[in-house]
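What follows is a short report on a single structure.
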2 protein chains.
Amino acid sequence: MTWDVVVVGAGLSGLAAARAVAAEGRSVVVVEARDRVGGRTEGGTLEDGQWVELGGQWVGPTQDRMYALLAELGLRTVPTWNDGDIVFGLGRRTGRLAGRKGAVPRLNPVALADLAQGVTRFGRLARRTDLDAPWATPGADRLDGQTLATWVRRNLRTPQARAYFELYSEAVLACQPADVSLLHALFYTRSGTDMDTLMAVDRGAQQDRVEGGSVLVSQRMAEELDVRLGRPVAAVVQDAAGVDVVTRDGDRFRGSRVVVTLPPTLAGRLRYEPLLPSRRDQLTQKLPAGSVIKVYAVYPRPFWRDEGLNGQAGSDRGPVKVVFDNTPPGYDRGILMGFLEGAAAREWSARSPAQRRTAVVECLVRYFGPQAADPVEYVERDWTAEEFTRGCYGAHFAPGVWTGFGDALREPVGRIHWAGAECSPVWNGYMEGAVLSGEATAREVLGLL
Amino acid sequence: MTWDVVVVGAGLSGLAAARAVAAEGRSVVVVEARDRVGGRTEGGTLEDGQWVELGGQWVGPTQDRMYALLAELGLRTVPTWNDGDIVFGLGRRTGRLAGRKGAVPRLNPVALADLAQGVTRFGRLARRTDLDAPWATPGADRLDGQTLATWVRRNLRTPQARAYFELYSEAVLACQPADVSLLHALFYTRSGTDMDTLMAVDRGAQQDRVEGGSVLVSQRMAEELDVRLGRPVAAVVQDAAGVDVVTRDGDRFRGSRVVVTLPPTLAGRLRYEPLLPSRRDQLTQKLPAGSVIKVYAVYPRPFWRDEGLNGQAGSDRGPVKVVFDNTPPGYDRGILMGFLEGAAAREWSARSPAQRRTAVVECLVRYFGPQAADPVEYVERDWTAEEFTRGCYGAHFAPGVWTGFGDALREPVGRIHWAGAECSPVWNGYMEGAVLSGEATAREVLGLL
């Protein structure tokens with residue numbers, strides 16, 4: 001049996017690609033390593049049956065394709081809880097911060113002025129990046145020749161403002177400012193509009209959730225597709241007439257074209273015959289995934305709301321540096337959800353679940369008081385430990401990678417085409433980017449069938 | 001059948017490890033993907049039967065283990081040809097440079113003073129690096145938070161001095177200054193003594209060659225070992241009692257311990273059961289190989305010697321930026337050997353062999369005059385295109401990698417131990433480092449059997 005298109009990976013990008021191919025009447029099969037669809041979105045269930053999301057979960061304004069797709073699939077959004085004050089602290093002191101503007105912390109006037117000029121300057125640079133070809137951005141060599149850490153050291157003076165940018169790097173890129181090229185940080189920021197949008201709930205990237213859980217998007221798409229679960233791909237073998245996707249067990253799925261939607265570091269681990277060109281192989285050697293552990297603590301009630309808190313916290317102390325109230329509407333218990341990101345995730349991935357739980361709860365007590373000390377349930381997902389992801393949220397580009405190898409990111413290799421959240425100029429790294437990239441690559445492939 | 005130790009990779013490191021294990025009376029097998037031993041050292045043969053080296057070839061002072069090993073194996077060294085003047089140019093002008101001191105180009109006084117202060121300052125920083133634990137170097141976070149490119153921009157003023165550091169990065173690390181952390185550049189420099197030693201022929205890293213070719217070291221070691229060629233390893237599977245090395249074809253080599261000596265980016269592509277810890281996996285996501293194409297042009301005679309030239313060239317123009325006279329003693333023809341490194345290798349890897357030959361010969365004519373226009377033979381090896389290497393000379397560490405993940409480089413994972421040129425504190429990336437690392441890991445394993 002052969003198909004017009006074989007898609008590797010049943011995450012949002014692969015399913016969106018397959019759906020677009022099928023919509024044109026072409027045959028398509030999706031080959032997936034896991035026994036579930038969704039990739040970096042994953043559904044979970046609390047002990048009482050309540051759905052939670054173990055991976056990506058938010059949509060927000062300007063993510064037009066996601067909102068349209070949700071409507072097509074008969075799914076609805078619910079707003080992220082955002083009523084009350086934020087707990088926010090930089091410089092290792094944490095306090096209550098009034099209002100909804102999570103992106104602007106309360107600081108002393110000097111630090112605030114420093115942060116404001118830094119955000120303005122960074123934003124001005126970000127707006128100049130070429131989203132389709134970051135390496136063609138004016139001054140790209142210089143921007144890509146330095147780390148975000150170098151830029152922060154040079155352009156921000158106060159420890160608090162520097163800490164805010166570090167928190168931004170961790171929360172948005174899931175890596176430290178030293179790990180990432182300034183050009184990539186600028187590209188990623190513009191790709192998701194701007195710093196405020198990326199950090200905000202209302203009118204930002206954390207505004208809405210999918211009722212029932214974001215994995216429903218993948219599940220609904222998969223319902224009308226031929227998806228083969230539990231089949232880790234080992235090799236992609238091209239010949240003059242077609243291309244075989246070969247699983248670890250030796251099953252072969254033959255197509256006219258293949259779309260590989262794995263995160264770059266995993267795409268680079270497949271065996272390719274003939275070998276990939278050097279620049280493509282060396283590109284995936286240089287696209288590591290970030291580090292994220294997502295944690296949940298469930299309480300009898302959302303007690304923080306009684307005190308006028310919205311359940312959100314941000315702090316540079318950690319190890320949980322960002323927290324949200326993830327209680328769905330109509331659920332009577334209270335759910336706090338947080339992230340260990342970047343260096344914190346690296347450190348805590350090596351500890352036991354019990355040690356992580358203790359550290360997480362200590363953080364929540366610091367943010368929300370002694371009532372946070374006794375969650376009735378604790379759930380976590382360490383995305384760095386997932387064989388078929390090996391890190392989240394997405395790949396980050398170290399210095400020199402965009403300018404040295406960037407054009408190999410989406411360039412097809414014979415019958416092999418690439419898609420995924422990392423391949424999207426717009427909302428790179430987000431669910432929106434994954435879907436956009438899958439659909440764009442489907443169009444590319446359809447034009448060649 | 002089972003062995004005390006199974007070694008993955010029959011390069012210098014793997015063979016040295018196996019030899020050390022066998023010397024203690026323990027059983028050991030070496031499983032190698034290629035149909036030859038030697039890894040990043042490889043023997044080649046010209047049309048007339050003359051041996052050449054397609055990979056690593058030099059030994060030099062302070063590489064004591066290599067000289068001792070050569071003696072043990074009955075091998076002799078011959079000096080690299082070094083009589084005459086060098087052709088050297090920075091700032092895109094190339095001229096003749098008298099004397100043997102290849103490391104110090106002739107420049108205008110301002111550029112020379114700038115370069116001298118830069119080399120001194122860089123050397124002072126390099127001497128402070130902790131070779132065993134680069135992340136423990138004083139100020140490591142700051143040194144590892146910036147690229148070498150950032151340091152060069154800040155500490156050198158003239159285009160020529162900056163060009164020299166770029167050439168150093170290309171020639172020694174096989175990557176651009178933007179690709180690599182300052183801390184790594186400092187570590188690597190101290191690991192190989194200092195900048196002068198790394199760039200020099202006499203009293204430097206390019207001083208001597210192995211008579212008959214450096215691959216003889218591996219071949220001699222292999223003669224007394226059980227080496228299984230043509231068996232690419234796909235997986236390493238540990239259980240309570242031992243560890244299985246599983247080849248692509250499903251052959252299993254079971255041992256009490258395994259030593260994986262592959263370059264990090266290839267070690268990271270194997271499948272491990274149980275999964276590797278997150279920090280180890282994320283480390284190998286972040287250790288890309290450099291980019292090198294080694295080229296040979298053979299002439300009826302070493303004509304450059306007639307004009308008092310030693311056959312060496314260095315220039316920032318390229319694409320061949322470094323050239324040596326690789327004519328072995330007693331050979332009547334003349335051999336020029338050069339490298340395309342870093343960005344040049346990336347660009348030229350995508351071209352045809354004929355295009356590369358034309359570009360290489362044009363370079364040689366620029367350096368050595370019209371007599372270089374008609375080589376009787378042209379030979380090349382693109383190490384980025386090698387399935388079982390995927391880049392040379394070794395891995396480079398981007399910013400944040402040493403400080404964020406460095407201690408996972410040599411840390412064993414259960415029954416799996418790591419070795420290779422990248423694992424050595426001393427002469428990291430060189431044949432000496434490969435052998436030292438293999439032997440050190442063998443001692444580690446022997447202590448646990």
Side-chain angles (χ1 to χ4, degrees), chain A residues 141-142 144-150 152-154 175-181 232 234-235 248 264-265 268-272 275 277-279 281-291 293 342-343 345-347 349-350 382-387 390-391 395 398-401 403-405 408, chain B residues 141-142 144-150 152-154 175-181 232 234-235 248 264-265 268-272 275 277-279 281-291 293 342-343 345-347 349-350 382-387 390-391 395 398-401 403-405 408:
Chain A
D141 282 342
R142 187 161 178 189
D144 204 34
Q146 63 187 290
T147 63
L148 175 59
T150 290
V152 167
R153 277 193 74 89
R154 282 194 202 171
C175 66
Q176 302 309 120
D179 299 326
V180 67
S181 143
R248 278 190 197 161
T265 190
R269 298 180 194 192
L270 304 184
R271 186 161 55 82
Y272 296 88
L275 290 182
S278 295
R279 288 186 73 242
D281 189 280
Q282 292 210 318
L283 170 70
T284 55
Q285 293 182 31
K286 289 176 170 250
L287 289 185
S291 312
I293 305 172
R346 295 168 200 162
E347 179 186 346
S349 179
D382 178 358
W383 284 93
T384 68
E386 289 284 298
E387 178 176 12
R390 275 306 194 184
V401 182
T403 47
F405 300 86
Chain B
D141 281 344
R142 189 162 177 187
D144 204 34
Q146 63 187 290
T147 62
L148 175 59
T150 290
V152 167
R153 277 193 74 88
R154 283 195 201 170
C175 66
Q176 303 308 120
D179 299 326
V180 68
S181 144
R248 277 190 198 161
T265 191
R269 298 179 194 193
L270 304 184
R271 186 162 54 83
Y272 296 87
L275 290 182
S278 295
R279 289 187 71 243
D281 190 279
Q282 293 211 318
L283 169 71
T284 54
Q285 292 181 32
K286 289 177 170 249
L287 289 185
S291 312
I293 305 172
R346 295 169 199 163
E347 179 187 347
S349 179
D382 178 359
W383 284 93
T384 69
E386 288 284 297
E387 178 177 11
R390 273 308 194 184
V401 182
T403 47
F405 300 86

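Proteins get letters first, then strands, A, B, ... in listed order; numbering begins at 1 in each.
Between chain B and the options A/Pro264, A/Cys175, A/Ala289, the largest number of non-hydrogen pairs under 4.5 Å is found for A/Ala289. Counting heavy-atom pairs under 4.5 Å between each of A/Asp141, A/Leu270, A/Thr147, A/Asp281 and chain B puts A/Asp281 at the top. Contact count against chain A (heavy-atom pairs under 4.5 Å) is highest for B/Leu275 among B/Val180, B/Leu287, B/Leu275. Across A/Arg390, A/Arg279, A/Glu387, the residue that shares the most heavy-atom pairs under 4.5 angstrom with chain B is A/Arg390. Listed options A/Pro277, A/Pro232, A/Gly268 were ranked by heavy-atom pairs under 4.5 angstrom with chain B; first place goes to A/Gly268. Taking chain B as the reference chain and counting heavy-atom pairs below 4.5 Å, the highest number among A/Ala345, A/Ala234, A/Pro399 is found for A/Pro399. Contact count against chain A (heavy-atom pairs under 4.5 Å) is highest for B/Asp179 among B/Thr284, B/Asp179, B/Val401.
Only the backbone of B/Asp144 comes within contact range of chain A, with heavy atoms under 4.5 Å apart. Of the atoms belonging to A/Arg346, heavy atoms from both backbone and side chain fall under 4.5 Å from chain B. Using a 4.5 Å cut-off between heavy atoms, A/Tyr272 does not touch chain B at all. Using a 4.5 Å cut-off between heavy atoms, A/Ala343 makes no contact with chain B at all.
Listed by chain and number, the residues in a side-chain contact (heavy atoms from CB on, under 4.5 Å) with A/Ala350 amount to none (sequence neighbours excluded). Every residue two or more places apart in sequence or in another chain that forms a side-chain contact (heavy atoms from CB on, under 4.5 Å) with B/Thr384 is listed here: A/Ser278, A/Gln282, B/Ser291, B/Ser349, B/Asp382.
Atom CZ of B/Arg142 is surrounded by 12 or fewer heavy atoms from other residues, nucleotides or ligands within 6.0 Å.
In this structure the side chain of B/Gln146 never reaches within 4.5 angstrom of the side chain of A/Arg153, judged on heavy atoms.
Rounding to the nearest 0.5 Å gives a distance of 5.5 Å between CZ of A/Arg154 and OG1 of B/Thr150.
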Point to revise | Pair A/Thr403-B/Gln176, side chain to side chain contact (heavy atoms under 4.5 Å, CB included): steps then yes or no | key: CA-CA 11 Å; A/Thr403 47; B/Gln176 303 308 120; over 6 Å; no
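Shown here for B/Pro288 and A/Lys286, the closest heavy-atom pair between the two residues is CB-CG, 3.5 Å. Of all heavy-atom pairs spanning B/Gly145 and A/Ala178, the tightest one is CA-CB, 3.7 Å.
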